Amino acid sequence: GESVGLHLPTLSVQEGDNSIINCAYSNSASDYFIWYKQESGKGPQFIIDIRSNMDKRQGQRVTVLLNKTVKHLSLQIAATQPGDSAVYFCAENIGGSTLGRLYFGRGTQLTVWP
Amino acid sequence: KAGVTQTPRYLIKTRGQQVTLSCSPISGHRSVSWYQQTPGQGLQFLFEYFSETQRNKGNFPGRFSGRQFSNSRSEMNVSTLELGDSALYLCASSLFSGDSGNTIYFGEGSWLTVV
């Protein structure tokens, strides 16, 4: 399944399938990006991050891809599990005078069906 | 290692009252930031503190204020509460605010309901 976070805020996938969550960012000066997972009633949980000098970074079952040319970020989740059901946010850090500030996307609701 | 701790977790206030929320960052983290999360506006940055100094501030009215103590713990205060202040208030901490690329970790948040 594939979803553009800003335009299609929901994504439903079958357990075991791979999920792709997309995010478009607006500031070409952004140099650090983070994906967070937020379950109902909880705070955002760090998943994976990537700096602008990289195109790809892999974690456990997750991969983040960064395309600076089109200002696009994606999160790939392999073998999606019911426990992956949550809202996923991409966040960007511009750096400079706003080092400690993250700009968040609207989020994508991922639902995993057994 | 304990995560970011926020208190209280839930609270209900009346319009016009004020509220103080507390945040204890991850041990060793010196940067603390606050965010407001609502269904309509998503996650919005309030302010960030580092070494007891406010470094960044978001577009919120002056009713929203904060501070950081020498042990890096932080508090935020909202005065003259309005119904629209009902939200999840999230605190986040990171090791150092001198460079981007510092992983920012969030607490579970404080749920504020204004009636």
Side-chain angles (χ1 to χ4, degrees), chain A residues 5-7 9-10 21 23-54 57 59-60 62 64 66 68 73 86-109, chain B residues 3-6 9-10 21 23 25-26 29-51 53-60 66 68 72 74 87-111:
Chain A
L6 294 177
H7 302 290
T10 62
I21 301 172
C23 181
Y25 64 94
S26 57
N27 198 318
S28 57
S30 295
D31 60 1
Y32 178 56
F33 304 87
I34 310 175
W35 280 100
Y36 288 96
K37 170 188 179 183
Q38 187 174 27
E39 297 174 278
S40 181
K42 296 187 177 182
Q45 175 188 352
F46 172 85
I47 302 174
I48 192 168
D49 58 2
I50 188 169
R51 302 195 70 158
S52 59
N53 59 355
M54 303 171 68
R57 192 171 187 206
Q60 186 177 8
V62 295
V64 55
L66 175 62
K68 295 180 287 295
L73 194 69
V87 177
Y88 289 79
F89 292 96
C90 63
E92 59 186 297
N93 185 285
I94 296 173
S97 63
T98 63
L99 277 174
R101 176 174 184 169
L102 292 175
Y103 294 84
F104 281 86
R106 295 291 290 175
T108 297
Q109 172 72 59
Chain B
V4 179
T5 305
Q6 293 187 243
R9 287 279 285 131
Y10 305 92
L21 308 177
C23 173
I26 292 171
H29 284 195
R30 297 170 61 189
S31 172
V32 173
S33 51
W34 289 88
Y35 292 79
Q36 181 196 64
Q37 186 175 26
T38 59
Q41 299 298 320
L43 279 147
Q44 292 188 291
F45 173 80
L46 281 158
F47 26 64
E48 186 225 355
Y49 289 88
F50 179 73
S51 292
T53 301
Q54 187 182 90
R55 293 172 58 88
N56 286 291
K57 190 176 190 304
N59 295 323
F60 280 83
Q68 186 181 33
S72 295
S74 177
L88 176 64
Y89 290 88
L90 291 159
C91 173
S93 77
S94 64
L95 189 61
F96 177 58
S97 184
D99 183 21
S100 66
N102 283 281
T103 304
I104 298 173
Y105 298 94
F106 283 84
E108 297 293 356
S110 292
W111 288 92

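As a basis for the values below, the full set of heavy atoms in this structure was taken, side chains included, without hydrogen atoms, waters or symmetry mates. Order of the sequence lines fixes the chain letters, A, B, ..., with proteins taken first and strands second; residue numbering starts at 1 for each chain. Model, not experiment: these values are computed from the prediction.
If you measure heavy-atom distances from B:Q6 to chain A, you find no contacts under 4.5 Å at all. Within the 4.5 angstrom heavy-atom criterion, only side-chain atoms of B:L90, from C-beta onward, approach chain A. Heavy atoms closer than 4.5 Å to chain B are found nowhere in A:Q45, neither backbone nor side chain.
Under the ring-ring contact (aromatic ring centres under 6.0 Å, His included) criterion, A:F104 pairs with A:Y36, B:Y35, B:F106, sequence neighbours left out.
A:K42 NZ: 12 or fewer foreign heavy atoms inside a 6.0 Å radius. Other residues, nucleotides and ligands place more than 12 heavy atoms under 6.0 Å from the CG atom of A:N53.
With rounding to the nearest 0.5 angstrom, the CD atom of B:E108 is 9.0 Å from the CD atom of A:Q38. Here the straight-line distance linking atom CD1 of B:I104 with atom CG of A:N93 works out to 6.0 Å at 0.5 Å rounding. Atom CZ of A:F89 and atom CG of B:L43 lie 5.0 Å apart (nearest 0.5 Å).
With chain A as the partner, the residue from B:W111, B:Y105, B:F45 showing the most heavy-atom pairs under 4.5 Å is B:F45.
The two residues B:K57 and A:R101 come nearest to each other via the heavy atoms O-NH1, 3.9 Å.
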